[in-house]
Amino acid sequence: MPELPEVETIKRQLEKKLPGKEIEKVQIIDCPNADKRIRALSGIKILKVRRRAKTLIVDLNNDKSLLIHLKLTGQLIFRKNAGKERFTRVLFYLSSGGLLFNDMRKFGFIKLVPTENVEKEIHEKYGPEPFDKDFTLKIFEEILVRKKKSKIKPLLMDQKVISGLGNIYAQEACFIAGIKPGRTAGSLDKKEQTRLYSAIKKVLLSAIKFHGTSFDSIYVDAYGQPGGFGQRLYVYQQEKCKRCGQTLKSLRLGGRGTWYCGRCQN
DNA sequence: CCTTATGCCTGAATGC
DNA sequence: TGCATTCAGGCATAAG
């Protein structure tokens, strides 16, 4: 399930590949959430690839941008020889190679919006990027005070509050910070707030370094390669604590599977 | 304002 | 073996 590190990995790879390339043809194979107008992009060139939260933004030279969200099972893969694969939903034929939008469960979407509206469509809807300078410790503390009754792990997953964290990295951050995921935001003391703030950045940076998590073998990067962070997970879908060896506890928070160590997290 | 539930989907895993 | 059931989850939306 692509979260910030996975989408960032794809973004960094595609921004080296796509700019300057021309879209020769777009084929929508089976994609209920794809804007039909993308079929008319023949002859349009790709200018830039960006990321905001978990959404990829592909700016085009016709003042429009593609907004691509992979949701749970989406893949965006660059292939030298374009061809339909098992779950290919949209196929972009490029001047060299092809860009495949694969999505087993069809939750993902591709929108086409005027580039000038990207701000409105995306940026305004989401909370701060964890690596932007506006995401300061002070801002984070204010969030925790404002949402003091929320449970901390579902809060970290709320894109309107902070963008980019999903079910994996929210609970990994809680582990690294030594905080139980079911604690309320308001119950964190100053030290815990600081630890969690650092843990968010730490886990995301590390995951980006290893090209993300391919735990479920669904996520792959823009070259079809799995990420290497899966074996470095502390708690997500793990049985025993990597630090103390104790059997992890599991529960559901916000409807999502959640794991934590009763000894290492307080 | 809040929290929790639902729908969108399909494949893998499980149960009888 | 096969068929039905359950589960996974991002996130918009509805309901409580």
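Every chain is numbered from 1 and lettered A, B, ... according to where its sequence line falls, protein lines coming before strand lines. Values below: all heavy atoms of this structure, side chains included; hydrogens, waters and symmetry mates excluded. Predicted model only: the values in this text are computed from it and were never measured.
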Expressed in angstrom and rounded to an integer, what is the separation of [X] atom [atom1] from [N] atom [atom2]?
X: A:Arg105; N: B:dG7; atom1: CZ; atom2: C1'; value: 14 Å
X: A:Glu3; N: C:dG9; atom1: CD; atom2: C1'; value: 10 Å
X: A:Asn33; N: B:dG7; atom1: CG; atom2: P; value: 17 Å
X: A:Phe87; N: B:dC9; atom1: CZ; atom2: P; value: 15 Å
X: A:Met157; N: C:dA12; atom1: CE; atom2: P; value: 12 Å
X: A:Asn102; N: B:dT10; atom1: CG; atom2: C1'; value: 14 Å
X: A:Phe107; N: C:dC11; atom1: CZ; atom2: P; value: 12 Å
X: A:Lys147; N: B:dT4; atom1: NZ; atom2: P; value: 12 Å

- Quick one: which of B:dG11, C:dA12, B:dC2 gets closest to the side chain of A:Ser150?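 The answer is B:dC2.
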- Task: Report the nucleotide, chosen from C:dG9, C:dG10, C:dA12, that has the shortest atom-to-atom distance to any side-chain atom of A:Tyr236.
- Result: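 The closest nucleotide is C:dG9.
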- Item | Option among A:Ile29, A:Leu100, A:Leu91 that satisfies the side-chain contact (heavy atoms from CB on, under 4.5 Å) test with A:Glu85 |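 The option that passes is A:Leu100.
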- Counting any heavy atom closer than 4.0 Å, what does A:Gly257 reach on the DNA or RNA strands: base, sugar-phosphate only, or nothing?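 Contact class for A:Gly257: sugar-phosphate only.
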- Remember a base hit wins even if backbone is also touched, and classify A:Thr73 as base, sugar-phosphate or nothing at under 4.0 Å, heavy atoms.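 Nothing, no heavy atom under 4.0 Å.
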- In terms of the nearest nucleotide of DNA chain B, which residue is placed more toward the 5' end: A:Arg256 or A:Arg146?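 By nearest-heavy-atom nucleotide position, the 5'-most residue is A:Arg146.
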- Message: Quick check on DNA chain B: between A:Met104 and A:Lys151, whose nearest nucleotide comes earlier from the 5' end?
- Response: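 This one resolves to A:Lys151.
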Does [X] make a side-chain N or O approach to OP1 or OP2 of [N] shorter than 4.0 Å?
X: A:Gln237; N: C:dC7; value: no
X: A:Arg252; N: C:dA8; value: yes
X: A:Lys106; N: B:dT10; value: yes
X: A:His69; N: C:dG10; value: no

- Task: Please determine which of A:Lys249, A:Arg252, A:Lys153 meets the side-chain hydrogen bond (donor to acceptor under 3.5 Å, both in side chains) test together with A:Thr258.
- Result: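 The passing option is A:Lys153.
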- Quick one: stems for DNA chain B, with Watson-Crick or G-U pairs under 3.5 Å, at least three in a row?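 The stems that DNA chain B takes part in, listed by first number, are B:2-16 with C:2-16.
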- Determine the interplanar angle of the A:Tyr234 and A:Phe175 rings, folded into 0 to 90°, and report it as parallel if under 30°, tilted if 30 to 60°, perpendicular if over 60°.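 If you compare the ring of A:Tyr234 with that of A:Phe175, the planes turn out parallel.
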- Task: Describe, in one word, how the ring planes of A:Phe109 and A:His69 are oriented to each other, choosing from parallel (under 30°), tilted (30 to 60°) and perpendicular (over 60°).
- Result: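 Ring orientation, 0 to 90° scale: tilted.
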- Cation-pi, A:Tyr126 ring and A:Arg52 (6.0 angstrom, 45 degrees):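 That pair does not qualify as a cation-pi contact.
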- Message: Does the structure place the NZ or CZ of A:Lys180 under 6.0 Å from the centre of the six-membered ring of A:Tyr260, at an angle of no more than 45° from the ring's axis?
- Response: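 Pair A:Lys180/A:Tyr260 does not count as cation-pi.
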- Query: What do you reckon, are the aromatic ring centroids of A:Tyr169 and A:Tyr236 less than 6.0 Å apart?
  - Reply: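 Ring centroids of A:Tyr169 and A:Tyr236 are no less than 6.0 Å from each other.
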- Message: Is it the case that atom CG in A:Asp132 sees more than 12 heavy atoms from other parts of the structure closer than 6.0 Å?
- Response: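 It does: A:Asp132 CG has more than 12 such atoms within range.
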- Message: Assess the residue pair A:Leu4 and A:Glu129 against the criterion (side chain to side chain contact (heavy atoms under 4.5 Å, CB included)); give the C-alpha distance rounded to whole Å, side-chain angles, the decisive distance to 0.1 Å, and a yes or no.
- Response: CA-CA 9 Å; A:Leu4 187 151; A:Glu129 284 286 327; 3.8 Å; yes
- Query: In this structure, which one of A:Lys147, A:Arg146, A:Lys190 forms a salt bridge (charged side-chain N to carboxylate O under 4.0 Å, His left out) with A:Glu141?
  - Reply: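 Among A:Lys147, A:Arg146, A:Lys190, the one that satisfies the salt bridge (charged side-chain N to carboxylate O under 4.0 Å, His left out) with A:Glu141 is A:Lys190.
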- Query: Which of residues 164-173 of chain A have a heavy atom under 4.0 Å from DNA chain C?
  - Reply: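 A:Asn167 - these, ordered by number, are the residues of the stretch whose heavy atoms sit under 4.0 Å from the strand.
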